[in-house]
Amino acid sequence: FSSRRRHTRFKCDWSSDVCSSDLQQQKQTDDDIITKEQKEELEILIEKAGGDKITICNHFKVEALTQLKLSQYQAVKVKCEKTISNTNAN
């Protein structure tokens with residue numbers, strides 16, 4: 001622990017006790033982006049659902065589908081699959 005400097009807002013406030021190296025590790029995990037294969041799968045699903053890649057990119061504030069995080073990819077995939085399913089049911 002001596003090499004890991006800890007940052008605490010208040011002396012007795014353990015809830016704000018954060019290690020900067022822990023924050024860096026968390027950031028790297030959160031920034032996982034989709035693979036080329038996932039992008040291609042998503043493009044097919046978006047087209048089948050009658051969606052628009054540009055609208056989806058604008059919604060998530062990215063320039064291309066390849067910049068989507070894994071959680072965003074999952075959300076778009078589920079939405080497209082539901083839309084396709086509802087369209088086929090009618």
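Any value given below was found using the heavy atoms of this structure, including those in side chains, with hydrogens, waters and symmetry copies removed.
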Problem - Atom pair CD (Q72) and CG (L65), whose distance is rounded to the nearest 0.5 Å - result: 10.5 Å
Practice task
Enter the distance from D32:CG to K69:NZ here, rounded to the nearest 0.5 Å.
Solution key: 9.5 Å
Problem - Candidate pair I34 and L70, rule side-chain contact (heavy atoms from CB on, under 4.5 Å), full reasoning - result: CA-CA 6 Å; I34 64 174; L70 292 173; 4.0 Å; yes
Handout entry: Qualifying salt bridge (Lys or Arg N to Asp or Glu O under 4.0 Å) pairs with a residue from residues 78-90, counting only residues at least two apart or across chains
Key = none
Run the side-chain donor-acceptor check on residues 52-60: report pairs under 3.5 Å with partners two or more places apart or on a different chain.
from	atom 1	to	atom 2	distance (Å)
D52	OD2	T55	N	3.3
D52	OD2	T55	OG1	2.8
N58	ND2	I54	O	3.4

Show me the donor-acceptor pairs, under 3.5 Å and distance only, between side chains in residues 35-45 and residues at least two apart or in other chains.
from	atom 1	to	atom 2	distance (Å)
T35	OG1	Q38	N	3.1
T35	OG1	Q38	OE1	3.3
Q38	OE1	T35	N	2.8
K39	NZ	E43	OE1	3.4
K39	NZ	E43	OE2	2.9
E41	OE1	Y73	OH	2.5
E41	OE2	K77	NZ	3.4

